[in-house]
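Everything on this sheet refers to the single structure shown next.
What you see below is based on every heavy atom in this structure, not just the backbone, and it leaves out hydrogens, waters and symmetry mates.
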Amino acid sequence: MARWIYVMGTLLVMVTFSFFIFYSVRAFNLTPDRPSASYNAPDYRFVLVTEEVDNDYWRLVEKGARAAAEKYNVSLQYTGPKQANFDEHMKMIEMAAASKVDGIIAQGLNQEVSPTLINRVTEKGIPFLTIDTDTPESKRVAYVGTDNYYAGFLAGQALVKDTKGEVKVGIITGRFDSANQKLRVEGFKDAIKGSDRVTVVAIDESQITRIQAAEKTYEMIKDYPDINAFYGTSALDAIGIVQVLESIGMTNRVYVIGFDILPETLQLLKEGKLEATVEQKPYEMGYDAVELMIQVVNGEKISTYHHTMTDVVRQKDLTQTETMTPGGMKQQ
(Lines give C-alpha, C1' and ligand atoms only; values in the text may rest on other atoms or scores of the structure.)
Protein backbone atom coordinates (compact mmCIF):
# COMPACT_ATOMS: atom_id res chain seq x y z
CA MET A 1 0.00 0.00 0.00
CA ALA A 2 2.78 2.41 0.94
CA ARG A 3 4.62 1.55 -2.28
CA TRP A 4 1.45 2.22 -4.33
CA ILE A 5 1.00 5.62 -2.66
CA TYR A 6 4.67 6.42 -3.36
CA VAL A 7 4.31 5.55 -7.09
CA MET A 8 1.12 7.60 -7.46
CA GLY A 9 2.70 10.54 -5.68
CA THR A 10 5.73 10.40 -7.97
CA LEU A 11 3.52 10.32 -11.06
CA LEU A 12 1.48 13.28 -9.77
CA VAL A 13 4.65 15.31 -9.21
CA MET A 14 5.91 14.51 -12.72
CA VAL A 15 2.59 15.45 -14.35
CA THR A 16 2.43 18.69 -12.35
CA PHE A 17 6.02 19.56 -13.29
CA SER A 18 5.29 18.84 -16.97
CA PHE A 19 2.33 21.20 -16.95
CA PHE A 20 4.47 23.83 -15.19
CA ILE A 21 7.17 23.63 -17.87
CA PHE A 22 4.61 23.71 -20.70
CA TYR A 23 2.78 26.80 -19.50
CA SER A 24 6.00 28.57 -18.47
CA VAL A 25 7.31 28.21 -22.01
CA ARG A 26 4.06 29.60 -23.39
CA ALA A 27 3.92 32.45 -20.89
CA PHE A 28 7.48 33.63 -21.45
CA ASN A 29 7.64 32.83 -25.18
CA LEU A 30 10.82 30.81 -24.77
CA THR A 31 10.21 29.29 -28.18
CA PRO A 32 8.56 31.30 -30.95
CA ASP A 33 5.19 30.20 -32.23
CA ARG A 34 5.20 28.92 -35.75
CA PRO A 35 3.60 31.42 -38.12
CA SER A 36 0.17 30.40 -39.31
CA ALA A 37 -0.46 29.63 -42.95
CA SER A 38 -2.23 33.00 -43.27
CA TYR A 39 0.70 34.99 -41.85
CA ASN A 40 1.88 37.68 -44.26
CA ALA A 41 5.33 39.05 -43.49
CA PRO A 42 5.46 42.87 -43.70
CA ASP A 43 6.99 44.35 -46.83
CA TYR A 44 8.83 47.07 -44.88
CA ARG A 45 9.69 48.14 -41.34
CA PHE A 46 9.25 51.82 -40.49
CA VAL A 47 9.75 53.68 -37.20
CA LEU A 48 7.79 56.78 -36.20
CA VAL A 49 9.67 58.76 -33.51
CA THR A 50 7.51 61.39 -31.83
CA GLU A 51 8.27 64.32 -29.58
CA GLU A 52 6.10 62.97 -26.75
CA VAL A 53 4.70 59.46 -27.01
CA ASP A 54 1.51 59.87 -24.92
CA ASN A 55 0.56 63.31 -26.21
CA ASP A 56 -3.02 63.32 -27.63
CA TYR A 57 -1.84 65.11 -30.76
CA TRP A 58 0.84 62.50 -31.46
CA ARG A 59 -1.62 59.69 -30.82
CA LEU A 60 -3.65 61.06 -33.74
CA VAL A 61 -0.50 61.07 -35.89
CA GLU A 62 0.09 57.46 -34.84
CA LYS A 63 -3.49 56.51 -35.68
CA GLY A 64 -3.13 57.82 -39.22
CA ALA A 65 0.26 56.16 -39.67
CA ARG A 66 -1.06 52.80 -38.44
CA ALA A 67 -4.03 52.99 -40.78
CA ALA A 68 -1.68 53.43 -43.75
CA ALA A 69 0.71 50.77 -42.43
CA GLU A 70 -2.10 48.24 -42.18
CA LYS A 71 -3.35 49.07 -45.66
CA TYR A 72 0.08 48.64 -47.26
CA ASN A 73 1.36 45.72 -45.14
CA VAL A 74 4.02 47.72 -43.32
CA SER A 75 5.35 47.04 -39.82
CA LEU A 76 5.25 50.33 -37.90
CA GLN A 77 6.96 50.97 -34.56
CA TYR A 78 5.67 54.01 -32.67
CA THR A 79 8.07 55.41 -30.09
CA GLY A 80 9.26 58.58 -28.38
CA PRO A 81 10.04 60.06 -24.94
CA LYS A 82 7.28 59.95 -22.31
CA GLN A 83 7.84 63.67 -21.83
CA ALA A 84 9.42 65.96 -24.39
CA ASN A 85 13.18 65.49 -24.18
CA PHE A 86 15.45 66.34 -27.08
CA ASP A 87 18.32 64.04 -26.06
CA GLU A 88 16.00 61.03 -25.66
CA HIS A 89 14.37 61.84 -28.98
CA MET A 90 17.74 61.78 -30.74
CA LYS A 91 18.78 58.53 -29.02
CA MET A 92 15.60 56.82 -30.23
CA ILE A 93 16.34 57.89 -33.79
CA GLU A 94 19.86 56.46 -33.44
CA MET A 95 18.43 53.19 -32.08
CA ALA A 96 16.03 52.96 -35.01
CA ALA A 97 18.90 53.45 -37.45
CA ALA A 98 21.00 50.83 -35.64
CA SER A 99 18.19 48.29 -36.04
CA LYS A 100 18.42 48.82 -39.82
CA VAL A 101 14.78 49.68 -40.44
CA ASP A 102 13.63 50.52 -43.95
CA GLY A 103 12.62 54.09 -43.13
CA ILE A 104 12.47 56.60 -40.25
CA ILE A 105 9.76 59.22 -39.78
CA ALA A 106 10.51 61.82 -37.10
CA GLN A 107 10.58 65.48 -36.19
CA GLY A 108 13.55 67.71 -36.90
CA LEU A 109 13.45 69.38 -33.51
CA ASN A 110 16.71 71.27 -33.33
CA GLN A 111 18.07 73.05 -36.38
CA GLU A 112 21.63 73.03 -35.03
CA VAL A 113 21.83 69.34 -34.08
CA SER A 114 19.16 67.47 -36.05
CA PRO A 115 20.72 67.90 -39.53
CA THR A 116 23.91 66.10 -38.48
CA LEU A 117 22.01 63.09 -37.15
CA ILE A 118 19.62 62.97 -40.09
CA ASN A 119 22.54 63.07 -42.51
CA ARG A 120 24.26 60.20 -40.68
CA VAL A 121 21.10 58.13 -40.96
CA THR A 122 20.64 58.79 -44.67
CA GLU A 123 24.30 58.00 -45.35
CA LYS A 124 23.58 54.51 -44.00
CA GLY A 125 21.01 54.10 -46.75
CA ILE A 126 17.96 54.66 -44.52
CA PRO A 127 15.55 57.28 -45.90
CA PHE A 128 14.50 59.91 -43.35
CA LEU A 129 11.22 61.80 -43.60
CA THR A 130 10.50 64.74 -41.28
CA ILE A 131 6.99 65.16 -39.89
CA ASP A 132 5.34 68.10 -38.08
CA THR A 133 8.71 69.89 -37.80
CA ASP A 134 11.06 70.18 -40.75
CA THR A 135 14.86 70.26 -41.01
CA PRO A 136 15.35 71.75 -44.47
CA GLU A 137 19.14 71.97 -44.10
CA SER A 138 19.44 68.18 -43.79
CA LYS A 139 19.34 65.36 -46.33
CA ARG A 140 15.83 64.30 -45.36
CA VAL A 141 13.83 63.11 -48.38
CA ALA A 142 10.74 65.20 -47.65
CA TYR A 143 8.66 67.03 -45.05
CA VAL A 144 5.04 66.19 -44.20
CA GLY A 145 2.98 68.48 -42.01
CA THR A 146 1.73 71.97 -41.32
CA ASP A 147 3.34 75.03 -42.85
CA ASN A 148 4.10 76.30 -39.36
CA TYR A 149 4.95 79.87 -40.35
CA TYR A 150 1.67 80.13 -42.24
CA ALA A 151 -0.23 78.61 -39.31
CA GLY A 152 1.22 81.25 -36.98
CA PHE A 153 0.38 83.94 -39.51
CA LEU A 154 -3.24 82.73 -39.58
CA ALA A 155 -3.36 82.92 -35.77
CA GLY A 156 -2.11 86.51 -35.83
CA GLN A 157 -4.61 87.50 -38.50
CA ALA A 158 -7.42 85.93 -36.49
CA LEU A 159 -6.48 87.84 -33.33
CA VAL A 160 -6.38 91.15 -35.20
CA LYS A 161 -9.74 90.44 -36.84
CA ASP A 162 -11.45 89.28 -33.63
CA THR A 163 -10.33 92.09 -31.31
CA LYS A 164 -10.80 95.84 -30.97
CA GLY A 165 -8.84 98.55 -29.20
CA GLU A 166 -5.41 98.13 -27.63
CA VAL A 167 -4.36 94.50 -27.30
CA LYS A 168 -1.43 93.32 -25.21
CA VAL A 169 -0.55 89.71 -25.98
CA GLY A 170 1.26 87.07 -23.96
CA ILE A 171 2.64 84.13 -25.95
CA ILE A 172 3.00 80.69 -24.40
CA THR A 173 5.06 78.49 -26.71
CA GLY A 174 5.96 74.82 -26.39
CA ARG A 175 9.73 75.14 -26.43
CA PHE A 176 12.12 77.91 -27.44
CA ASP A 177 14.44 75.45 -29.19
CA SER A 178 11.72 73.74 -31.26
CA ALA A 179 11.77 74.76 -34.92
CA ASN A 180 8.01 74.48 -35.49
CA GLN A 181 7.24 76.54 -32.36
CA LYS A 182 9.67 79.25 -33.50
CA LEU A 183 7.95 79.45 -36.88
CA ARG A 184 4.50 79.72 -35.30
CA VAL A 185 5.69 82.63 -33.18
CA GLU A 186 7.46 84.27 -36.13
CA GLY A 187 4.40 84.00 -38.37
CA PHE A 188 2.17 85.42 -35.63
CA LYS A 189 4.44 88.40 -35.05
CA ASP A 190 4.60 89.17 -38.77
CA ALA A 191 0.80 89.05 -39.02
CA ILE A 192 0.28 91.64 -36.28
CA LYS A 193 2.97 94.02 -37.59
CA GLY A 194 0.41 95.91 -39.63
CA SER A 195 -1.69 96.71 -36.56
CA ASP A 196 -0.45 99.49 -34.28
CA ARG A 197 -2.89 98.47 -31.54
CA VAL A 198 -1.58 94.90 -31.02
CA THR A 199 1.66 94.34 -29.08
CA VAL A 200 3.41 91.24 -27.74
CA VAL A 201 4.40 92.05 -24.16
CA ALA A 202 5.82 88.68 -23.05
CA ILE A 203 6.74 85.21 -24.29
CA ASP A 204 7.63 82.08 -22.32
CA GLU A 205 7.80 78.31 -22.84
CA SER A 206 5.53 75.61 -21.43
CA GLN A 207 7.70 72.57 -22.15
CA ILE A 208 4.57 71.27 -23.93
CA THR A 209 2.69 70.67 -20.65
CA ARG A 210 -0.52 72.27 -19.47
CA ILE A 211 0.90 72.65 -15.96
CA GLN A 212 3.81 74.76 -17.19
CA ALA A 213 1.47 76.66 -19.54
CA ALA A 214 -0.72 77.51 -16.55
CA GLU A 215 2.25 78.56 -14.41
CA LYS A 216 3.66 80.83 -17.12
CA THR A 217 0.24 82.35 -17.73
CA TYR A 218 -0.16 83.21 -14.07
CA GLU A 219 3.31 84.79 -13.97
CA MET A 220 2.56 86.90 -17.06
CA ILE A 221 -0.69 88.19 -15.60
CA LYS A 222 1.13 89.06 -12.39
CA ASP A 223 3.92 90.88 -14.27
CA TYR A 224 1.60 92.52 -16.84
CA PRO A 225 -1.76 93.21 -15.17
CA ASP A 226 -3.10 94.89 -18.33
CA ILE A 227 -2.49 91.84 -20.53
CA ASN A 228 -5.73 91.05 -22.38
CA ALA A 229 -4.85 88.34 -24.93
CA PHE A 230 -2.94 85.06 -25.08
CA TYR A 231 -1.61 82.94 -27.93
CA GLY A 232 -0.65 79.31 -27.25
CA THR A 233 1.46 77.63 -29.91
CA SER A 234 1.33 73.96 -28.84
CA ALA A 235 -1.64 71.65 -28.25
CA LEU A 236 -1.87 71.98 -24.45
CA ASP A 237 -0.94 75.65 -24.07
CA ALA A 238 -4.42 77.12 -24.55
CA ILE A 239 -5.90 74.57 -22.14
CA GLY A 240 -3.42 75.65 -19.44
CA ILE A 241 -4.05 79.34 -20.21
CA VAL A 242 -7.83 78.99 -19.87
CA GLN A 243 -7.42 77.02 -16.64
CA VAL A 244 -5.73 80.02 -15.01
CA LEU A 245 -8.16 82.56 -16.45
CA GLU A 246 -11.08 80.54 -15.07
CA SER A 247 -9.52 80.35 -11.62
CA ILE A 248 -9.18 84.14 -11.39
CA GLY A 249 -12.42 85.03 -13.18
CA MET A 250 -10.86 86.57 -16.31
CA THR A 251 -12.20 84.37 -19.11
CA ASN A 252 -14.63 87.06 -20.28
CA ARG A 253 -11.95 89.76 -20.36
CA VAL A 254 -9.08 87.98 -22.13
CA TYR A 255 -8.93 86.78 -25.74
CA VAL A 256 -7.29 83.35 -26.20
CA ILE A 257 -6.26 81.59 -29.41
CA GLY A 258 -4.54 78.21 -29.33
CA PHE A 259 -3.43 75.30 -31.49
CA ASP A 260 -5.06 71.99 -32.43
CA ILE A 261 -8.53 70.60 -31.86
CA LEU A 262 -8.20 68.11 -29.05
CA PRO A 263 -11.58 67.15 -27.50
CA GLU A 264 -10.92 69.41 -24.49
CA THR A 265 -10.02 72.29 -26.80
CA LEU A 266 -13.28 71.89 -28.70
CA GLN A 267 -15.20 71.85 -25.43
CA LEU A 268 -13.58 75.13 -24.38
CA LEU A 269 -14.57 76.63 -27.74
CA LYS A 270 -18.17 75.50 -27.28
CA GLU A 271 -18.27 77.01 -23.81
CA GLY A 272 -16.87 80.32 -25.09
CA LYS A 273 -13.79 80.11 -22.86
CA LEU A 274 -11.50 79.90 -25.90
CA GLU A 275 -12.06 82.27 -28.82
CA ALA A 276 -10.23 80.37 -31.58
CA THR A 277 -7.76 77.60 -32.33
CA VAL A 278 -5.58 76.70 -35.30
CA GLU A 279 -6.65 73.36 -36.71
CA GLN A 280 -3.96 71.01 -37.97
CA LYS A 281 -4.37 67.57 -39.55
CA PRO A 282 -2.31 65.13 -37.45
CA TYR A 283 -4.10 62.03 -38.72
CA GLU A 284 -3.37 62.99 -42.33
CA MET A 285 0.26 63.73 -41.42
CA GLY A 286 0.76 60.20 -40.15
CA TYR A 287 -1.09 58.57 -43.02
CA ASP A 288 0.64 60.60 -45.73
CA ALA A 289 4.07 60.06 -44.17
CA VAL A 290 3.77 56.27 -44.41
CA GLU A 291 2.45 56.46 -47.97
CA LEU A 292 5.30 58.72 -49.03
CA MET A 293 7.92 56.56 -47.32
CA ILE A 294 6.65 53.54 -49.25
CA GLN A 295 7.07 55.47 -52.49
CA VAL A 296 10.63 56.42 -51.48
CA VAL A 297 11.75 52.87 -50.64
CA ASN A 298 10.18 51.71 -53.91
CA GLY A 299 12.50 54.10 -55.74
CA GLU A 300 9.84 56.62 -56.74
CA LYS A 301 10.57 60.34 -56.82
CA ILE A 302 8.48 62.54 -54.51
CA SER A 303 8.27 66.29 -54.01
CA THR A 304 10.11 67.81 -51.05
CA TYR A 305 7.19 69.50 -49.29
CA HIS A 306 3.80 68.01 -48.45
CA HIS A 307 1.86 70.58 -46.45
CA THR A 308 -1.33 69.40 -44.80
CA MET A 309 -4.29 71.79 -44.47
CA THR A 310 -4.46 74.46 -41.77
CA ASP A 311 -7.38 76.65 -40.73
CA VAL A 312 -8.68 78.74 -37.84
CA VAL A 313 -11.72 77.37 -35.96
CA ARG A 314 -14.04 79.55 -33.88
CA GLN A 315 -17.15 78.82 -31.85
CA LYS A 316 -19.37 79.79 -34.78
CA ASP A 317 -17.79 76.99 -36.81
CA LEU A 318 -19.07 74.40 -34.35
CA THR A 319 -22.49 72.78 -34.10
CA GLN A 320 -24.20 70.97 -31.26
CA THR A 321 -23.73 67.64 -33.01
CA GLU A 322 -20.11 68.13 -33.98
CA THR A 323 -17.86 65.14 -33.43
CA MET A 324 -14.16 64.57 -33.67
CA THR A 325 -12.79 62.47 -36.49
CA PRO A 326 -9.18 61.26 -36.70
CA GLY A 327 -8.41 63.87 -39.33
CA GLY A 328 -10.13 66.80 -37.74
CA MET A 329 -13.67 68.12 -37.40
CA LYS A 330 -16.84 66.74 -38.90
CA GLN A 331 -20.21 68.44 -38.85
CA GLN A 332 -23.22 66.13 -38.98
Side-chain angles (χ1 to χ4, degrees), residues 51 57 84 107-109 111 132-134 136 143 145-210 212-214 216-217 219-221 223-224 226-242 244-245 254-262 265 268-269 273-282 305 307-315 317:
E51 185 176 23
Y57 171 85
Q107 289 172 293
L109 290 177
Q111 298 307 298
D132 181 76
T133 311
D134 194 16
Y143 166 69
T146 300
D147 181 336
N148 286 291
Y149 174 86
Y150 175 66
F153 196 87
L154 286 179
Q157 284 185 320
L159 182 141
V160 172
K161 180 179 179 181
D162 295 345
T163 60
K164 296 179 180 179
E166 187 177 12
V167 181
K168 296 187 176 181
V169 187
I171 298 178
I172 306 293
T173 187
R175 291 213 318 260
F176 286 143
D177 63 354
S178 180
N180 64 338
Q181 303 293 306
K182 288 180 180 179
L183 288 169
R184 293 174 189 179
V185 172
E186 184 183 337
F188 180 88
K189 287 181 174 180
D190 285 349
I192 66 173
K193 278 181 180 177
S195 176
D196 294 336
R197 62 184 182 82
V198 180
T199 307
V200 174
V201 295
I203 179 169
D204 212 331
E205 58 184 344
S206 66
Q207 296 298 325
I208 316 180
T209 68
R210 74 174 67 193
Q212 286 274 15
K216 301 303 181 181
T217 299
E219 290 173 7
M220 283 187 188
I221 292 173
D223 294 338
Y224 303 92
D226 54 351
I227 200 167
N228 58 0
F230 279 96
Y231 168 45
T233 72
S234 64
L236 300 176
D237 291 341
I239 298 172
I241 292 167
V242 172
V244 172
L245 296 177
V254 179
Y255 177 95
V256 183
I257 182 168
F259 248 82
D260 297 320
I261 51 171
L262 303 181
T265 307
L268 292 177
L269 274 174
K273 297 173 183 176
L274 177 68
E275 278 65 38
T277 189
V278 179
E279 179 189 11
Q280 299 188 93
K281 300 289 184 181
Y305 294 98
H307 287 144
T308 47
M309 291 183 63
T310 311
D311 203 359
V312 173
V313 179
R314 299 175 175 84
Q315 186 185 53
D317 300 314

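- Every residue meeting the side-chain hydrogen bond (donor to acceptor under 3.5 Å, both in side chains) condition with Lys273, not counting sequence neighbours, appears here in chain and number order: Glu246, Glu271.
- Between atom NZ of residue Lys281 and atom OG1 of residue Thr308 there is a gap of 9.0 Å, rounded to the nearest 0.5 Å.
- Although no hydrogens or angles enter the test, the distance criterion places a donor-acceptor pair under 3.5 Å between the side chain of Gln107 and the main chain of Glu51.
- Across all their heavy atoms, Val312 and Asp317 have their closest contact at O-OD2, 3.8 Å.
- Residues Ala191 and Phe153 come closest through the heavy atom pair CB-O, 3.3 Å.
- Pro136 and Tyr305 get closest at one heavy-atom pair: CB-OH, 3.9 Å.
- Looking at residues two or more places apart in sequence or on another chain, you find a side-chain hydrogen bond (donor to acceptor under 3.5 Å, both in side chains) between Ser178 and Asn180.
- Residues satisfying the side-chain contact (heavy atoms from CB on, under 4.5 Å) criterion with Lys168, sequence neighbours excluded, are Glu166, Val201, Asp226, Asn228.
- Contact detail for Val169 and Ile227: the closest heavy-atom pair is C-CD1, 4.1 Å.
- Applying the salt bridge (Lys or Arg N to Asp or Glu O under 4.0 Å) rule to Asp311 yields no partners; only residues at least two apart in sequence or on another chain are considered.
- Here the side chains of Asp134 and Asn148 are not in contact, with every heavy-atom distance at 4.5 Å or above.
- Ile261 places a side-chain heavy atom less than 4.5 Å from the side chain of Thr277.
- Not a single ring-ring contact (aromatic ring centres under 6.0 Å, His included) links Tyr150 to another residue, sequence neighbours left out.
- Listed by chain and residue number, Met220, Tyr224 satisfy the side-chain contact (heavy atoms from CB on, under 4.5 Å) test with Ala202 (two or more places apart in sequence, or in another chain).
- Under the side-chain hydrogen bond (donor to acceptor under 3.5 Å, both in side chains) criterion, Ser234 pairs with Asp237, sequence neighbours left out.
- In this structure the side chain of His307 reaches within 4.5 angstrom of the side chain of Tyr143, judged on heavy atoms.
- Residue Thr265 holds its OG1 atom at 4.5 Å from CG of Leu262, rounded to the nearest 0.5 Å.
- Between Val244 and Ala214, the shortest heavy-atom contact is CG2-O, 3.1 Å.
- Counting only residues at least two apart or in different chains, salt bridge (Lys or Arg N to Asp or Glu O under 4.0 Å) contacts with residues 193-207 comprise Asp190-Lys193, Asp204-Lys216.
- Residues satisfying the side-chain hydrogen bond (donor to acceptor under 3.5 Å, both in side chains) test with Asp260, not counting sequence neighbours, are Gln280.
- Closest of all the heavy-atom pairs between Glu275 and Val256 is OE1-N, 2.8 Å.
- For Phe259, there are no ring-ring contact (aromatic ring centres under 6.0 Å, His included) partners, not counting sequence neighbours.
- A distance of 10.5 Å separates CD in Gln157 from CD1 in Ile257, rounded to the nearest 0.5 Å.
- To the nearest 0.5 Å, atoms CD1 (Ile172) and CD (Gln207) are separated by 12.0 Å.
- Within the structure, ring-ring contact (aromatic ring centres under 6.0 Å, His included) contacts touching residues 154-193 (residues at least two apart or in different chains) are Phe188-Tyr231.
- Taking Asp177 as the reference, Arg175 meet the salt bridge (Lys or Arg N to Asp or Glu O under 4.0 Å) condition, with sequence neighbours excluded.
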